[in-house]
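First the structure, in the form of structure tokens, and then the observations on it.
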Number of protein chains: 2
Amino acid sequence: MAVVSRYTVALHALTWLAYMSRDKDEFFASDRIANSVNTSPVFIRRILGQLAKARLVSVQHGGTGAGWKLARAAEAITLHEVYEAVVQTPLFELHHSGPNLRCQIGRGIQPALGEIYGETEAAMKRQLGSTTIADLVDSSLAHGEDGKEQASDGPQG
Amino acid sequence: MAVVSRYTVALHALTWLAYMSRDKDEFFASDRIANSVNTSPVFIRRILGQLAKARLVSVQHGGTGAGWKLARAAEAITLHEVYEAVVQTPLFELHHSGPNLRCQIGRGIQPALGEIYGETEAAMKRQLGSTTIADLVDSSLAHGEDGKEQASDGPQG
DNA sequence: ACCAATGTAACTAGAATGGTAGCATTGAGA
DNA sequence: TCTCAATGCTACCATTCTAGTTACATTGGT
């Protein structure tokens with residue numbers, strides 16, 4: 001498999017928040033985000049909680065206007081920051097059970113792979129750093145134009 | 001989690017085969033490779049079978065000298081090729097259950113992410129393409145120098 | 001005080017990974 | 001032709017991870 005869909009959900013949530021914040025600057029409940037992403041509110045809250053720890057979103061716990069909103073302008077949040085906030089595990093896994101250390105190759109393969117895996121993950125993150133949530137909003141709106149016939153009850157679906 | 005350890009095992013196996021082939025050009029059994037990687041021969045055979053389909057290794061099915069060897073020089077096998085041979089799933093997962101298509105963002109987010117994910121995976125593969133199995137052999141040997149005291153019963157240990 | 005919303009823990013179903021066992025097949029060598 | 005070491009393949013299992021669900025305590029405007 002691959003990078004978990006948690007990352008996709010995080011990006012979707014942030015993109016949705018950025019889009020909704022264009023009209024009014026308020027907090028939005030996890031139910032509404034979950035509705036757009038088509039998942040459970042608890043799952044959304046778990047992920048947004050991680051984004052809040054990374055200071056990418058602000059949270060309002062109680063009261064009538066409780067919910068979430070971006071902590072910064074969408075132009076100032078890169079996909080790389082979101083990745084760091086949501087994904088903790090390294091991109092490449094090493095051996096489940098360590099290699100045989102009595103073997104010449106087995107002794108050196110892990111540090112050798114560690115270097116290469118590190119460079120590769122860095123290249124991936126460099127690419128993610130070149131896109132922002134604002135870019136994602138624009139791109140999503142451009143791609144969403146086609147199927148307009150299904151739009152019915154507003155942007156939050 | 002991340003890219004499965006299958007990829008690490010594939011690289012380890014190829015590196016080991018490249019190292020062993022420096023002395024004699026013969027086929028090596030999956031048992032010996034499994035011993036260095038510290039896993040089961042069946043798992044090794046599953047992975048080497050994929051590498052054989054991609055024409056990266058040759059296989060000898062029966063007879064006394066049955067086993068595996070590199071199909072090309074180690075200098076001519078890039079880590080990108082190994083990745084393509086072993087990993088079929090995309091690097092990033094999209095929504096488990098598709099997003100809400102009645103939402104403006106939900107309608108456009110998947111194609112938008114598809115573009116970005118494609119570019120990111122391409123950047124990762126570009127980086128992997130800059131390293132060969134021969135590089136891995138050299139790097140492994142350099143890193144393995146330190147713990148020489150454990151070397152006892154030969155390189156396949 | 002009310003109550004809408006979050007935070008969090010526990011439990012579950014489903015999928016994926018890697019290990020194990022069994023058996024048919026291959027093919028060089030005696 | 002027979003032997004036998006090795007692969008190919010299938011089925012099954014334990015473990016782990018993901019995401020969904022439920023439940024309940026907590027927060028904090030009104």
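Treat the numbers as computed from the prediction; the structure is a model and nothing was measured. Keep in mind that the numbers below use all heavy atoms, side chains included, and drop hydrogens, waters and symmetry copies.
For A:His95, the ring-ring contact (aromatic ring centres under 6.0 Å, His included) test picks out B:His12, with sequence neighbours left out. Looking at residues two or more places apart in sequence or on another chain, you find no side chain to side chain donor-acceptor pair (under 3.5 Å) involving B:Gln60. Taking A:Glu26 as the reference, nothing meets the salt bridge (charged side-chain N to carboxylate O under 4.0 Å, His left out) condition, with sequence neighbours excluded. In this structure A:Glu115 satisfies the side chain to side chain donor-acceptor pair (under 3.5 Å) test together with B:His143, sequence neighbours excluded. In this structure, B:Thr131 has no side chain to side chain donor-acceptor pair (under 3.5 Å) partners at least two apart in sequence or on a different chain. Take B:Phe28 and apply the ring-ring contact (aromatic ring centres under 6.0 Å, His included) test, not counting sequence neighbours, and it matches B:Trp16.
For B:Leu48 and D:dT7, the CG to P distance is 9 Å, given to the nearest whole Å. Here the C1' atom of nucleotide D:dA6 and the CZ atom of B:Phe27 are 12 Å apart, to the nearest Å. Atom CZ of B:Arg32 is separated from atom P of D:dT7 by 12 Å (rounded to the nearest Å). When rounded to the nearest whole Å, the span between CG of B:Asp31 and P of D:dA5 equals 12 Å. In this structure, the CD atom of A:Gln50 is 12 Å from the P atom of C:dG7, given to the nearest Å. Atom CG of A:Leu51 and atom P of C:dG7 are 11 Å apart (whole Å). In this structure, CD1 of A:Ile47 is placed 11 Å from P of D:dT18, rounded to the nearest angstrom.
In the region residues 60-72 of chain A, proximity to DNA chain D at under 4.0 angstrom, judged on heavy atoms, holds for A:His61, A:Gly62, A:Gly63, A:Thr64.
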Expected rows: protein N/O vs nucleotides 19-23 of chain D N/O, under 3.5 Å:
| unit_1 | atom_1 | unit_2 | atom_2 | d |
| --- | --- | --- | --- | --- |
| D:dA19 | OP1 | A:Ser5 | N | 3.4 |
| D:dA19 | OP1 | A:Ser5 | OG | 2.3 |
| D:dG20 | OP1 | A:Thr39 | OG1 | 3.2 |
| D:dG20 | OP2 | A:Thr39 | OG1 | 2.3 |
| D:dG20 | N7 | A:Arg46 | NH2 | 3.2 |

Pairs of donor and acceptor atoms involving the side chains of residues 38-52 of chain A, under 3.5 Å and at least two apart or interchain, shall be tabulated with distances.
| unit_1 | atom_1 | unit_2 | atom_2 | d |
| --- | --- | --- | --- | --- |
| A:Asn38 | ND2 | B:Gly98 | O | 2.8 |
| A:Ser40 | OG | A:Phe43 | N | 3.3 |
| A:Arg45 | NE | A:Ser30 | OG | 3.4 |

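Applying side-chain hydrogen bond (donor to acceptor under 3.5 Å, both in side chains) to B:Lys125 and the options B:Glu84, B:His80, B:Glu81 leaves one that passes, B:Glu84.
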